[in-house]
Amino acid sequence: MEAKNTAIRLNSISKAFGSVKANDNIDFGVKYGEIVALLGENGSGKTTLMNMLSGIYQPDSGDIYKDEQLININSPKDSFAYGIGMIHQHFKLVDVLSAAENVALGTKRAKGEGLASLSKKIKTISQEFGLEIEPDKKVYDMSVSEKQTVEIIKVLYRGARILILDEPTAVLTPQEIEKLFIILRKMRDSGCAIVIITHKLNEVLAISDRVTILRKGQSVGTVKTQETNAKELTELMVGKAVELSIKRPQVEKEKNVLEVFRLTVGGPDGLDAVKGMTFSLDGGEVLGVAGIAGSGQKELCEAIAGLAKVTEGAILYKKENIVGKSPAEIIKAGISMSFIPEDRLGMGLVASMDITHNMLLKSYKDGKPALLNRKPAKKLAQTLIKRLDISTPGVTTPVRQLSGGNVQKVLLGREIESKPNLLITAYPVRGLDINSSYTIYDLINEQKEKGVAILFIGEDLDVLLELCDRIMVICQGEVMGIVDAKKTNKEELGLMMTGEKMAEVAN
Amino acid sequence: MTQTPLTKKASASEAPIRIAKREGLSSRRAILLRLLTFVMAIVAGGVFIAAMGQNPIEAYKLILRGAFVGSQRNPLSSIQATVIIFVPLLIVSIALSFAFKMKFWNIGGEGQMIIGATFASYFAIFHSDLPHFVLIALMFFAGALGGAFWGLLPTFFKVKFDTNETLFTLMLNYVAIYIVKYLETLTSWRARAGFASIKHFEDNAKLMKIGGVHIGWLLALILIVIAYIYLNHTKQGYEISVVGESQATARYAGMNVKKIILRTMLISGAICGLAGMIQVSGIDYTLSTGMTGGVGFKGITVAWLAQLNPFVMALIAAIFSILEKGSGVMQSTLSISAAATDVLQGIILFSFLGGEFFTRYTFVFSKRRTDK
């Protein structure tokens, strides 16, 4: 291949939000026919940097060059005009429209060009790169990976030759990730410049040609992928050597702390979100739950916590059926749930309140009858800040101003402090950096050693395989199988996640 | 905007000013900014007065004199009149702030006041022979009950069927007004045949006075403290904040969200009802459709300007009352039209609101080089 031309070059870009420097003098570049991974922990400024290319933010200082020409990008519209397309972590599609309609939204159509010719154009684009799409399918009927495909076609249709993908694999199964990578390689070979934002090392190694690593808003270097390895990348990313294995202590078990029997729970759309799930969980055991997002994880958690209406089945906690009890009663019985939703704050914490007041959420009813006693909560807040190394200006800082990792430490810390017998934790490391993630795994193991029964809803299969004792795979609200974490692998889990029962996998 | 051409010159231009959210504004600077806002509001009003050909300083002097300096015979008369405006405004503002803290948009303060007043008036008209203290106590209770009932109506539908409380509370204001209009047609309620007005209260049903003004002012002051403690230092107050911030979180914490919403609106409505009772029994001595003087709506502004802090609400309600009482005097002395004084009040209020913008946002002037 001939010498590649630089598509985009960023020259000492800085961007601050208030007193926080999100980007500090960052240099970055991507050539045509190249995939560059932008690697960094959460809050290291990856998305901020790319948002300046897509016109969402403007840099405080520094220059952007396209094809070695100085440009200014003031709006997403400018960005499109320069042929830059960004695929965001959260899809920006209109549910009730078809794929083709979504693609055409916001573009000018030539005279006489109807939906039919649009569909044809989409087909041409998709064939070129091996994208699978039905132009007339409505978005609400699509799986996550199909929606992603629409997003990709959307930017290609607008003539983007420079593509930025923000954490594109976060929502995909292993098989879907492989498919996406094949498409990305095809795009690269046809001369597109591709930037992929991620914090997953194995993906960086699998797909990219070069890696630029960001740490705390600064660029710590760019390396060729072929000349590096996971260990070196982690060290660059974290700033020090990190032990990359998760412990799995063996603990004496207390049989069947939780037994779920033929549980059926309604979902938001009127259909059953959980369909006849049966499983059991011992004290001192971590049961992992694997599944594509929206397979009934949330409803399962909420049913156990007494928040969702159970239409059928029983939930036995220490041999007692807790279906129909109020959330307050269930909390009192020693069941604690922490669910980290996508926005990380929507449930479990109040964003505008400080750590003390968030501690109060679970304990405010204690003490004197009517008046609020803040003292124990404040003390607990101070203890947690010290013990979990939560970085915050103080106990009076609103939780909203903390970084994601610290927010999650606050939440999980509070749940653990309530000394539960059963801990349900959903996505506890969602979006966390490596260090914080390991702190959380340690916390979970610590609880396990205390004999707590733990239901761990996860998304990263590698973590589930290392941390859990058993893994339950669910698909569309049904249990596909429960496997021993030591005797299974990612491929098997991936197949079950997409709906193959364990028996079929065994063949 | 049309597509920007991709030549270097055109594209190298950049928006020179951006609006950015302020973060971590120190409380001292925030207070300073607000003071500045206040001054700016006064100046903006002054410009308007000057535009009408009057001396702004004289006009403001008249407003202050009108609000505070009474007649020779009764030097307190003006202050008393200002307090009379102040009391219902403050009470209703506090009532609304309970709901607002919960992000429940109660804009039915008017209706809750009227129904509270109606319930109270029932006892004033039909049981005026009761002993004074019993009657007043009963009227207080009835006022609170009426307001609570009118507040709970939309709330019940909100928690049961998730109806829109903004529309519902607003519409109930009109229903309340027409209920009073209906009562005006009944022989047992109306004053005289042929006149659409309700009987005057007997002296027995009139609120007692302290310092020449009905005791409502004392109750309002006590209410400030109670509301502050309730919202900031009780478990129920904490529940209100959590529900207001995130109902999902409240449910996760085991709170009974529906119960909390109903309870809070019961309180909010009841306090509005009390304001209505105080107005009819302390000032009007009769029930009428115009009894609220619009405080159900003005209270919304007061509550938000004070960011739901009862003490600050008292301050802002006081400013509003001074402005209203004083500008009446200014209007008659300078013979400015009533509409013009309304405009003046509007300008001052608008500047206030504009100032809030600056405490929350700031302008960033671009320092970037736009060319090499």
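If you're wondering where the values come from, they're calculated on a predicted model, not measured in any experiment.
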Go through the atoms of [X] and report whether side chain, backbone, both or neither lie under 4.5 Å from a heavy atom of chain B.
{"X": "A/Lys365", "value": "both"}
{"X": "A/Ala305", "value": "neither"}
{"X": "A/Ile330", "value": "neither"}
{"X": "A/Glu302", "value": "side chain"}
{"X": "A/Ile331", "value": "side chain"}
{"X": "A/Pro369", "value": "backbone"}

Examine whether an atom of B/Gln247 lies under 4.5 Å from a heavy atom of chain A, and if so say whether it belongs to the side chain, the backbone or both; otherwise answer neither.
->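 The answer is neither part of B/Gln247.
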
State, yes or no, whether a side-chain contact exists between A/Arg374 and B/Tyr238 at a heavy-atom distance under 4.5 Å.
no

- Is the backbone of A/Asp366 close enough, under 3.5 Å, to the side chain of B/Lys235 for a donor and an acceptor to pair up by distance? yes

Discussion item. Please check if the number of heavy atoms outside B/Phe156 that lie under 6.0 Å from its CZ is greater than 12.
Written reply: no

Original post:
When you look at CZ of B/Phe297, are more than 12 heavy atoms from neighbouring residues, nucleotides or ligands closer to it than 6.0 Å?
Top reply: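 More than 12 within 6.0 Å, yes.
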
Rounding to 0.5 Å, atoms CD (B/Gln236) and CG (A/Leu371) come to a distance of 10.5 Å

query: Rounded to the nearest 0.5 Å, how far does CD of B/Glu245 lie from NE2 of A/His357?
result: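 So the gap between those two atoms works out to 11.5 Å.
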
- Query: If every non-hydrogen atom of B/Thr249 is compared with every non-hydrogen atom of A/Leu349, which pair is closest and at what distance?
  - Reply: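 Residues B/Thr249 and A/Leu349, closest heavy atoms: OG1-O, 3.1 Å.
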
Requested in this report: Of all the heavy-atom pairs spanning A/Pro327 and B/Gly254, show the shortest one and how long it is.
Outcome: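 Answer, listing the atom of A/Pro327 first, then B/Gly254: CB-CA, 3.9 Å.
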
